[in-house]
Protein chains: 4
Amino acid sequence: MTEKRKPSFSCDYMEGALPQILNRLLETNMMQSSGYGTDDITESAKEKIRTACGTPEADVFFLVGGTQTNATVIDALLHSYEGVVSAETGHVAVHEAGAIELGRHKVLPLPHTDGKLSSKTVEDYLKAFAADGNHDHMVQPGMVYISQPTEYGTLYTLAELEELSAVCRRYSLPLYVDGARLAYALGCKDNDVTLADLGRLCDVFYIGGTKCGALFGEAVVIPKHNYIPHFFTIIKQHGALLAKGRIAGIQFDELFTDDLYLKAGMHGMAAAEKINTALRENGYETAFGSPTNQIFVVLDDAEKSRITSEIDLGFWENLPDGRTIMRIATSWATTKENVDRLIEVLENH
Amino acid sequence: MTEKRKPSFSCDYMEGALPQILNRLLETNMMQSSGYGTDDITESAKEKIRTACGTPEADVFFLVGGTQTNATVIDALLHSYEGVVSAETGHVAVHEAGAIELGRHKVLPLPHTDGKLSSKTVEDYLKAFAADGNHDHMVQPGMVYISQPTEYGTLYTLAELEELSAVCRRYSLPLYVDGARLAYALGCKDNDVTLADLGRLCDVFYIGGTKCGALFGEAVVIPKHNYIPHFFTIIKQHGALLAKGRIAGIQFDELFTDDLYLKAGMHGMAAAEKINTALRENGYETAFGSPTNQIFVVLDDAEKSRITSEIDLGFWENLPDGRTIMRIATSWATTKENVDRLIEVLENH
Amino acid sequence: MTEKRKPSFSCDYMEGALPQILNRLLETNMMQSSGYGTDDITESAKEKIRTACGTPEADVFFLVGGTQTNATVIDALLHSYEGVVSAETGHVAVHEAGAIELGRHKVLPLPHTDGKLSSKTVEDYLKAFAADGNHDHMVQPGMVYISQPTEYGTLYTLAELEELSAVCRRYSLPLYVDGARLAYALGCKDNDVTLADLGRLCDVFYIGGTKCGALFGEAVVIPKHNYIPHFFTIIKQHGALLAKGRIAGIQFDELFTDDLYLKAGMHGMAAAEKINTALRENGYETAFGSPTNQIFVVLDDAEKSRITSEIDLGFWENLPDGRTIMRIATSWATTKENVDRLIEVLENH
Amino acid sequence: MTEKRKPSFSCDYMEGALPQILNRLLETNMMQSSGYGTDDITESAKEKIRTACGTPEADVFFLVGGTQTNATVIDALLHSYEGVVSAETGHVAVHEAGAIELGRHKVLPLPHTDGKLSSKTVEDYLKAFAADGNHDHMVQPGMVYISQPTEYGTLYTLAELEELSAVCRRYSLPLYVDGARLAYALGCKDNDVTLADLGRLCDVFYIGGTKCGALFGEAVVIPKHNYIPHFFTIIKQHGALLAKGRIAGIQFDELFTDDLYLKAGMHGMAAAEKINTALRENGYETAFGSPTNQIFVVLDDAEKSRITSEIDLGFWENLPDGRTIMRIATSWATTKENVDRLIEVLENH
């Protein structure tokens, strides 16, 4: 059974997985291995990730999805009376149905610029919090959460990340980076933040698999060994431990073989660049200045109807002037046919 | 890379998935579909499960693993001051690292017989709780949890399940059945409880995929539509919502095509029966009288060393007399070669 | 031992309790009564409150403090995935150290005007939430929280409260009113909202004792009987149940005898009015237009130093222009001597 | 209004407070002081407790009630995946309506002897937990809870407490002592455990006020300064922070003046001893061998009816043989008249 539908750019989790991953699953299928991520392939995947991140001592864990990973990491890092500082547009602040609060933590939202949190915004907040009288009756900032790329597809520069990391270290707050779409940052020409930079500047980050070529899975990297004691049990308690841990391990072992993860990101970015060029050349307006695999195009009703009758896009936001922001997401799986068809539709106005 | 190891019967989640599942993943891989389980294949899987369970109105949801499923369902069913009644040996009582307590609920443990909770034990407890003065200062029983098969591999008979269900309904308590290994109950000759019986007698149950032929996944069946309002959001909040929901949907769509789920269980049971026969004929002692895919063999140190030097078994429990209970688990993936080799080793004493 | 200090207007919980309350505690001291609020005096207090609120069927419970009451009521009213709508300045949003999040609930902050939430703001938010696509991944609004008077000392008019209540009922959301300082609303000339109005327009509210003449204690009123099932056990579970429940009952029985609660509020308001007059006549600037027992005066550094060298005021907020908002709080306990002294200092500039 | 009723020995929280406490409340009533326990009297009370416990560096906090104190301390000491080891009869295990689980912690119940947990029982459990294979999937023991006196009125000897403390330190587990009725231990002739012993052997303990002469209040003593960082905020978050903190401070300042706390305990114990003598001389059977202020008498139906028609006793437990265990509780408030009347009734059989 297959589904017939219009080409879709509505999100970056519409297909299965990179063929290398499926092949490896097939090849290893009847091999017996121990559970819960204690098998040799999972260990191999961890080691490849440690190497890629320049963090030879790192603890690496494979979880299933992004919200789960955020909720588990944040709950592990915070005391009950501490909150997580986030851009007010952050995924943890808006789109996790209260998963952070389920762990008893407040999200402390700060103003953003195109989805990004500036080191100045964070420092001003922390300075005011420390200075401004007694805060024993308030939720205390316990860590800082950002995503790379952000919800709006924008990227922190290396300089920005270094400044933010410096602020966090000055205030002894863990810095955690949500890398749900990290492949598209790494595959973006404008990007200057490497995995090794994340390994050096963050206390915890995760390398997203679900949106970057895997069936599912997120690799949590904790550069400093035992920075979160008993994290295995914490994962189990949060319902995030896979019995057949190797299914995640196999996927990441492939993703970190022959730069597959980076190549997956570059594939998505090549498609995005072609579409961006077409948008620019045809006079479309875009929002947020996103350089990665999510493109936000501003359409009036007529344009929206015309385009979406041919191509599925993702609804993002209604603007006060009546226009709509629609999301065009590319990915590791975006086909040349679909890109060509989209550009054809875009040109035809 | 492959791992070299002794044949292993240590658990039932050592291999990948049934070939039909991998083939279907391959076949559908580049198809585009919407996320979070809203795709057509997932809907098809739900419909097949509704049919198999005789519950045309049922809500069906696909989660990732057993502990996650138990924690999410139990938290959805209970008020904060209510606990879940369980055999003291129940998975939720012992082996979930506090996942139920993370949801703020006490497990109310009752005595068991070979892992089973009798309707009399439950009724006596409920009767005493209701009668014995004021219980406003105690955790109140809010639901009953059992597993089929149990942690000890034993089975509830249809008569037992009907009685337990009747007690629960008399006291207005939801009855929830954990079916992590349900295929091996369904595939067992001694079993007289069908999926339709579960659909009729339970308020919620889950059909286990992880241990029964899937890469991962558990199908929660709620026979009465909207019995748990907003369960989708509850799943999301518990970090249990798959972005690529179809990966679970595809697996269950295959498992419920041509009785694959039942056949997987029967395959595991055929192996278990051969092993049980060999154990009996060679004078080994077994525990708990388990009729399903988990066999608990009691070994002295010499026997244990001899056997486990050839075959991996699972450690279960040290007995006071110095002997050890070891678990022999078969599954959908157990090979004839491994069974023959195990029997050879068992005979060789 | 007694403390020597400057007259203080820094808050409204600096003294013990109304003499009638202490006398009643003395008079009943060696009387034996049953625990947990099941005694006759507590029942009498409940009945007086039911009468005062025009809610003959109401459930009434006595808790200890405001944060505890808010956390317990909100946790009792919401599902885990629901949040509480509040002005961004609301006590639950800012000053409860994460007590609401401890109950796993997000505070959903909305813009305010002088601490008040308008019915239009709430309705626009609810309308947008319902209309604007899919919100299954977001925390859902589950109730509305306001305080009377607000954190800024302002009052909802009856018309405003009726509109807000109508919106809440249209969207089936409970309306909860925090009355920590309710006596000062009731005792304020500008107020047109009675206890009976609260009983008619709210789903739950509490009548504050701690700041209104009691040693401690807040009376939760739930107009509709059994609106929150098992609330007694919920109180116990939240650590909010007094063993000697009568100590709270006695206090409220006195407060609701001969209009003592209202008179306590009027006493505090008479002092506030004299101070407000002095502020106005001497050209001081005040903020928020608070008509109740909290007066917010804007002082430059010289004025602040001069006044606070003689009289303790409460720090409220640093303004961008370098000035400071200081709080002058009156109460049931404010003495003529202290008011005269304050006015003398205010005039002396 | 006063209540007319039979003399009652049903519990130890039926009266108000020691006259010295009420007098001090009266005397200090109109004094102004700062909130949240930052006043001078509260500081004086803390210092007296530090001296009494021989713990000059101790952090001392005043909370309101026992369940609240247990829930707050336990939640502060444990990680989410850790449980609290308790006798299966412990208050936290049975009578707190899930307050410990509300903090996400499992109570790990162990067998008891007359309400006591032996060091051997605890050590065997910890040894088995550490030794017996992998426990990453189980709730981990994170602290040990006992009460002095226990729920059954029994006492740990100094030798027993020292052994238990030694086990806890060997396994790096905090030892926490619930002293809800500590005055009756201190006032008991058989007792050899002093406050200084608790200060030396425990990591946290609380000195109960509610049942020992105060209107309410429990003093948490943490011998090692800053052993629980940010405990003030944790108390606030748990709704356990009194705005008028001095009301608790005043009570404990009195209780620790001129040995009032000890004398209150001795008063209750003198009454208990007279009653115990009468029970013995008149051939009544008692249970648990309680040496403190709770006496458990075993009565058949006829005796129970006869006595309780004259005197209120507390129901404790129905025995399988049809008899009933009834509790006779004395306290700081027990009058000679009531003791004489009870003895008269007891003799009259």
Side-chain angles (χ1 to χ4, degrees), chain A residues 1-3 5 7-8 10-11 13-17 19 22 25-35 39-41 44 63-72 96-99 101-103 210-211 215-216 233-234 236-244 246-247 250 253 312 333 335 338, chain B residues 1-3 5 7-8 10-11 13-17 19 22 25-35 39-41 44 63-72 96-99 101-103 210-211 215-216 233-234 236-244 246-247 250 253 312 333 335 338:
Chain A
M1 175 184 7
T2 55
E3 299 183 32
R5 43 166 65 224
S8 179
S10 63
C11 69
Y13 38 93
M14 286 178 297
E15 294 88 358
L22 288 185
L25 287 173
L26 275 171
E27 177 194 321
T28 58
N29 193 46
M30 290 307 289
M31 196 185 80
Q32 293 191 309
S33 62
S34 57
D39 64 284
D40 295 349
I41 300 180
S44 160
L63 280 72
V64 174
T67 293
Q68 178 187 80
T69 301
N70 288 337
T72 305
E96 302 197 343
E101 289 78 13
L102 199 79
T210 302
K211 292 169 179 166
L215 292 170
F216 67 86
T233 298
I234 293 170
K236 175 71 181 175
Q237 188 183 27
H238 283 74
L241 186 66
L242 276 172
K244 290 184 188 169
R246 81 176 194 193
I247 306 300
I250 286 166
D253 199 56
D312 272 344
T335 62
N338 282 355
Chain B
M1 178 182 8
T2 55
E3 302 183 32
R5 43 165 67 223
S8 178
S10 62
C11 70
Y13 39 92
M14 286 178 298
E15 293 88 359
L22 288 184
L25 287 174
L26 276 172
E27 177 193 322
T28 57
N29 193 46
M30 291 306 291
M31 196 184 82
Q32 295 191 308
S33 63
S34 57
D39 64 284
D40 295 350
I41 301 180
S44 160
L63 278 71
V64 174
T67 293
Q68 177 187 79
T69 301
N70 288 337
T72 305
E96 302 196 344
E101 289 78 13
L102 198 79
T210 302
K211 292 169 180 167
L215 292 171
F216 67 87
T233 297
I234 293 170
K236 174 72 182 175
Q237 188 183 26
H238 284 74
L241 186 65
L242 276 173
K244 290 185 189 168
R246 80 176 194 194
I247 306 299
I250 286 167
D253 200 56
D312 272 345
T335 61
N338 283 354

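Note: hydrogens, waters and symmetry copies are ignored here, and every other heavy atom, side chains too, is used. Throughout, protein chains are lettered first and strands after them, A, B, ... in sequence-line order, and every chain is numbered starting at 1.
Of all the listed residues (B:Ser10, B:Gly35, B:Gly98), the one sharing the greatest number of non-hydrogen pairs under 4.5 Å with chain A is B:Gly98. Contacts with chain B were tallied for A:Thr67, A:Asn29, A:Leu242; A:Asn29 has the most, counting heavy-atom pairs under 4.5 Å. Of the listed residues (B:Met14, B:Arg246, B:Gln68), the one with the most heavy-atom contacts under 4.5 Å to chain A is B:Met14. The candidate with the highest count of non-hydrogen atom pairs below 4.5 Å against chain A, out of B:Leu26, B:Val64, B:Asn338, B:Thr69, is B:Leu26. The candidate with the highest count of non-hydrogen atom pairs below 4.5 Å against chain B, out of A:Ala99, A:Gly65, A:Pro7, A:Gly103, is A:Ala99.
Contacts between A:Leu215 and chain B at a heavy-atom distance below 4.5 Å involve backbone atoms as well as side-chain atoms. In this structure, no portion of A:Asp312 lies under 4.5 Å from any heavy atom of chain B. The parts of A:Tyr13 that come within reach of chain B are both its backbone and its side chain, each placing non-hydrogen atoms under 4.5 angstrom from that chain. With a threshold of 4.5 angstrom between heavy atoms, B:Ala71 does not approach chain A through any atom at all. Contacts between A:Ile247 and chain B at a heavy-atom distance below 4.5 Å involve the side chain alone, from C-beta outward.
Between the SG atom of A:Cys11 and the CD atom of B:Gln32 there is a distance of 8.5 Å, given to the nearest 0.5 Å. Rounding to the nearest 0.5 Å gives a distance of 9.5 Å between CD of A:Glu15 and CE of B:Met31.
The side-chain contact (heavy atoms from CB on, under 4.5 Å) check on A:Ala97 picks up B:Thr233, B:Lys236, B:Gln237, with sequence neighbours excluded. For A:Glu96, the side-chain hydrogen bond (donor to acceptor under 3.5 Å, both in side chains) partners two or more places apart in sequence, or in a different chain, are A:Asn70, A:His91.
When all heavy atoms of A:Thr72 and A:Ile234 are compared, the pair lying nearest together is CG2-CG2, 4.0 Å. The heavy-atom pair separating A:Asp39 from A:Ile41 by the smallest distance is OD2-N, 3.1 Å.
No donor-acceptor pair closer than 3.5 Å links the side chain of A:Lys244 to the backbone N or O of B:Phe216.
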